[in-house]
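Here's the structure we're looking at; comments come further down.
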2 protein chains.
Amino acid sequence: MAVTRTGLKARPKKQRRMSGQERRRQIVRAAMDLFARKGFKGTTTKEIALAAGVNEAMIFRHFPTKGDLYAAIIDYKMDQCGEWISRVHEEAARRKDDRAMFLALARGILAFHEQDGTFMRLLLYSALEGHELNRMFFETQVVEHFEFLADYIAQRVRDGAFRPVNPRVAARAFLGMITHHAQVRELFDPQGRLLNVDSDAAAAELVDIFLAGVARR
Amino acid sequence: MAVTRTGLKARPKKQRRMSGQERRRQIVRAAMDLFARKGFKGTTTKEIALAAGVNEAMIFRHFPTKGDLYAAIIDYKMDQCGEWISRVHEEAARRKDDRAMFLALARGILAFHEQDGTFMRLLLYSALEGHELNRMFFETQVVEHFEFLADYIAQRVRDGAFRPVNPRVAARAFLGMITHHAQVRELFDPQGRLLNVDSDAAAAELVDIFLAGVARR
DNA sequence: CGAAAGATTGTAAGTACTTACTTACTTTGT
DNA sequence: ACAAAGTAAGTAAGTACTTACAATCTTTCG
């Protein structure tokens with residue numbers, strides 16, 4: 001009755017085995033890439049295992065469910081993103097004039113999209129899919145980003161340097177210009193041939209348009 | 001041996017039955033809604049059938065595969081969207097001054113997002129999912145939209161009314177402001193409380209910022 | 001007209017396959 | 001010796017799609 005499941009002894013492979021942490025990172029990296037390209041439902045645990053080069057069962061040793069793996073990714077990246085936001089804000093706030101400050105902001109956002117476009121895609125996906133964690137992300141990080149800009153603009157309005165625009169509308173305008181640019185570039189125009197200028201020059205021109213748009217006449 | 005499958009005679013329901021076309025439309029409508037909310041993979045044919053109030057098998061009588069149903073939706077909406085774009089362009093082109101023209105454009109885009117936000121979500125989804133049909137959509141309709149704006153801006157630069165901006169960068173800036181606004185509103189801020197102004201007022205202010213941004217100094 | 005024939009709409013009960021997740025067991029490092 | 005890493009082979013619950021057949025509408029022809 002009690003027949004061994006395999007029927008044969010597994011032959012010993014002399015390969016170095018990995019620590020749990022290493023494997024965990026490997027799985028997370030592969031999963032993020034796949035989730036970003038095909039969405040949560042569109043990605044199977046089998047695919048993740050294949051891409052990560054691990055046995056499928058290992059995924060479930062590290063993360064109880066597929067959803068937990070997803071949550072772990074967002075959780076991990078969220079912290080990273082929070083740090084990045086404050087770093088960019090600090091750097092931007094150090095600038096002496098508006099142009100330098102908005103340029104720093106624009107470049108920071110574009111750089112993040114370029115370097116971490118995968119995660120941005122994943123965020124977009126999860127925004128659509130309506131994940132709770134994602135909602136949290138937007139309601140903390142993105143709103144913080146938004147508020148920082150709105151506050152800055154409000155101050156400049158009070159200074160009399162900007163004309164009396166609604167600071168929040170203006171902030172959304174600026175973020176819209178930049179993130180739309182980044183998104184279009186990522187999804188449809190990676191070579192930037194539609195614009196005929198490189199990303200940095202485009203960022204500079206967008207900043208110019210925005211600043212002229214809110215400057216006192 | 002040859003036992004009837006059901007075992008009992010189906011009792012005749014005196015309900016009016018629908019024409020194929022009606023059912024088709026019903027299925028398409030329900031499917032679009034679900035695809036937009038949960039993505040292609042995230043939606044099951046069973047759910048679609050339930051939402052449309054039809055038997056699951058009916059879906060497959062009208063559309064050979066789930067993919068064909070998806071394609072039919074995009075195909076149908078694509079035409080509709082094309083018509084809408086030319087109508088908005090015509091209307092915008094009729095305006096006498098820049099402000100009226102950009103306002104017409106902005107309101108047109110926002111209205112489409114508001115009225116057909118479902119389809120916009122579906123488009124975003126399929127952009128992420130990398131569907132071929134979607135790519136086609138963007139490379140025809142959206143580029144057309146973009147080119148129309150860029151041409152208009154280029155003309156105004158030649159007129160000397162706008163300063164010498166890169167017309168394509170400026171066009172992307174404007175579309176970015178408007179579509180980002182629409183997206184944020186749809187996904188995170190349906191009440192518009194983050195901006196503290198209604199959508200129409202926001203559109204007007206965005207247009208003002210943009211026009212001041214590209215105006216000759 | 002009216003009714004049989006033929007086409008179309010509708011449905012319950014499948015099928016073959018995939019999916020997330022488990023289990024029982026082996027190998028390796030300390 | 002013991003715990004952690006690793007694996008092949010499951011399993012139950014979906015999944016897209018099919019089939020066999022019943023109800024109802026439309027057309028044709030006496």
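Per chain, numbering begins at 1; letters A, B, ... match sequence-line order. Computed from heavy atoms alone, side chains included, the values below leave out hydrogens, waters and symmetry copies. This one's a predicted model, so the numbers in the text were calculated from it and none came from an experiment.
Scanning both residues, B:M177 and A:A173, for their nearest heavy atoms gives CG-O, 3.4 Å.
With rounding to whole Å, B:Y70 atom OH is found 14 Å from D:dA16 atom P. Here D:dG14 presents its C1' atom at 13 Å from NZ of B:K38, a figure rounded to the nearest Å. The separation between B:F35 atom CZ and D:dA16 atom C1' is 12 Å, rounded to whole Å. Per the geometry, CZ belonging to A:R24 stands 15 Å off C1' belonging to D:dA4, to the nearest Å. In this structure, the CD1 atom of A:I27 is 11 Å from the P atom of D:dA5, given to the nearest Å. Nucleotide C:dA20 holds its P atom 9 Å from the CD1 atom of A:I59, rounded to whole Å. Put simply, CZ on A:F63 is 15 Å from P on C:dT22, counting in whole angstrom units. One can place CE of B:M58 at 18 Å from P of D:dA22, the figure rounded to the nearest angstrom.
For C:dG10, one of the phosphate oxygens OP1 or OP2 lies less than 4.0 angstrom from a side-chain nitrogen or oxygen of B:R23.
Summary of the strand contacts: A:K66 and A:R61 both lie near DNA chain C, and taking for each the nucleotide with the nearest heavy atom, the more 5' one is attributed to A:K66.
Taking the side chain of B:F60 as heavy atoms from C-beta on, and the options C:dA20, C:dT9, D:dT18, the nearest nucleotide is D:dT18.
The distance between the ring centers of B:H113 and B:H181 does not fall below 6.0 angstrom. Aromatic pair A:Y76/A:F119: centroids not less than 6.0 angstrom apart.
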Could you tabulate the donor-acceptor pairs under 3.5 Å formed by side-chain atoms of residues 34-41 of chain A, not counting sequence neighbours?
from	atom 1	to	atom 2	distance (Å)
A:R37	NH1	A:D33	OD2	2.7
A:K38	NZ	A:E47	OE2	2.7

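Atom CZ of A:F210 is separated from atom CD1 of A:I153 by 4.0 Å, given to the nearest 0.5 angstrom.
Within a heavy-atom distance below 4.0 Å of DNA chain C, the residues of residues 41-57 of chain A found are A:T43, A:T44, A:T45, A:E56, A:A57.
Ring geometry, A:H145 versus A:W84: the interplanar angle falls from 30° to 60°, so the pair is classed tilted.
For A:D189, the salt bridge (Lys or Arg N to Asp or Glu O under 4.0 Å) test picks out B:R172, with sequence neighbours left out.
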